[in-house]
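Accompanying notes for the structure given below.
When a ligand or atom number is given, it counts from 1 through the structure's own listing order. Worth knowing before you read on, the calculation uses all heavy atoms, side chains too, and leaves out hydrogens, waters and symmetry mates.
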Amino acid sequence: MASAERTAFPPIGRAWPELQKDMHARTAGDADWRGGRTAIFFFMANPEAYEVGKKAFMEHFSENALGGARAYPGILAMEKEVIDYGLDLLHAPDGGRGVFTTGGTESILLAVKAAREAHRAKTGAGPGDPLNIVMPISGHPAFDKAALLMDVEIRRAPLGPDRRVDVEALRGLIDKNTMMILGSAPCFPHGVIDPIGELSRVAREAGVWLHVDACVGGWIAPFFERIGRGTPVFDFRHPGVRSISADLHKFGFAPKPSSTVFFRDGEDLERSIFRLGAWPSGLYTTATMSGSRPAAAVAGAWAVLNNLGLAGYEDAARNIAQMVDDYVAGLSAIEGITFWAKPDVSILNFGSDQFDIYAVAEQMKAKGWIPGLTRDPKGMHTMLSMQHAPVREAYLADLRACVDAVRASDAKSQLAATY
Ligand SMILES: Cc1ncc(COP(=O)(O)O)c(C=O)c1O
């Protein structure tokens, strides 16, 4: 029966030209990501790599990467090459392995599952026994999601003054039921890389799994290091690091949905795999949480990685680093703006103790910018990639005007920080 609350299923179909027109009309008021107006959600190295990713995605629009082994060896081979590139980039030892996933959340789910199986294998714990993950307060909610699904307690450690996790406080939360500790490279809210070297020592002393959540930095921070930016080492060179999540669809500049998770040891990857024999169709095995998944994303990522090559990613790192410095200089010149952390890669987090930064964000929104917010500390947040370069002066001019207006009116905002 038709409901007044629901949109009715169209009784007859419509052709593409009409649908396209309709879609354009519907999205005309959406954020202008091409024009660098969104602080998150879209990532760009350069226009060519963007076009290559899009074309490769469309070439393999119809294939299902679930069928890689049975039907699409070409897709499977591209997937393997992407994983090989990541293992090399992150200095995984021989025997390291990885999985191509549909996003950071899925990569994290796989790492948590593998860590749980490893903990059970070591301790003899089983279903119903208490388990916990100890993580920085700034760690991503994907770990909470994994913990909810796997019935694991989350313990959050506070941060130090530089917004990196307080390693001693984290160490104090570890007990015999700790199946994983983690650090971010960098964390989403403040953009800093946790002290992975120190966490690696803690992990080895306590005999616990250390995961590095490099969903943001995994495919770009190594290039910041390569160009001499002094970005901290966060990868398998630290002996306690057992797994790393790294998103291709963020600073790998690949189409969505694409991410990777890497394990130091192939045996750990086996622990993340799902296998079911008791099914009329026979053995069902997936290395991912998802079943069907787009081969288009594999092709898109492979093509972008091959289009840019190491040299292209180094150029992207150089360009982004320069842009970050320029934004920081421009923002720092606005009276009353304070950076809450020194960006390690390309996330900026700033606020003010002189005026309400959310009121500024609200006014920026009215001017067509989609600002990110942080609650603790109260701030604005942005992830910079190359679509933000041409609009830097416009952004800074609008921000200056909004700050002036908020100062003049002493405006206060009722906004609440939501992701
Ligand atoms: C540090 C970090 N980890 C994990 C994720 C989750 O990634 P996704 O949204 O692709 O699931 C994000 C997303 O922003 C992130 O910033």
Of all the atoms in ligand 1, which lie at a distance below 4.0 Å from a heavy atom belonging to [X]?
{"X": "F188", "result": "14 (O), 16 (O)"}
{"X": "H249", "result": "10 (O)"}
{"X": "D247", "result": "7 (O), 10 (O)"}
{"X": "C215", "result": "2 (C), 3 (N), 4 (C)"}
{"X": "T105", "result": "6 (C), 7 (O), 8 (P), 11 (O)"}

Salt bridge check: are D194 and R163 linked by an N-O gap of less than 4.0 Å?
no
Should R237 and E225 count as an ion pair when the cut-off is N to O under 4.0 Å?
yes
Option with minimal heavy-atom separation from atom 2 (C) of ligand 1, where the choices are D213, I347, I108:
D213
Applying the side-chain contact (heavy atoms from CB on, under 4.5 Å) criterion to F253, which one of I220, N46, V52, L248 satisfies it?
I220
So which bit of K250 gets within less than 4.0 Å of ligand 1, heavy atoms only: side chain, backbone, both or neither?
side chain
Aromatic contact between F350 and W340, with the criterion being ring centroids under 6.0 Å apart: yes or no?
no
Please enumerate all residues that pass side-chain contact (heavy atoms from CB on, under 4.5 Å) together with V328, with sequence neighbours excluded.
V324, S332, F339, P343, L348
Residues in side-chain contact (heavy atoms from CB on, under 4.5 Å) contact with E117, at least two apart in sequence or another chain:
K113, R120, R271
Flag G104 as yes when one of its N or O atoms lies below 3.5 Å from any N or O atom of ligand 1, and as no otherwise.
yes
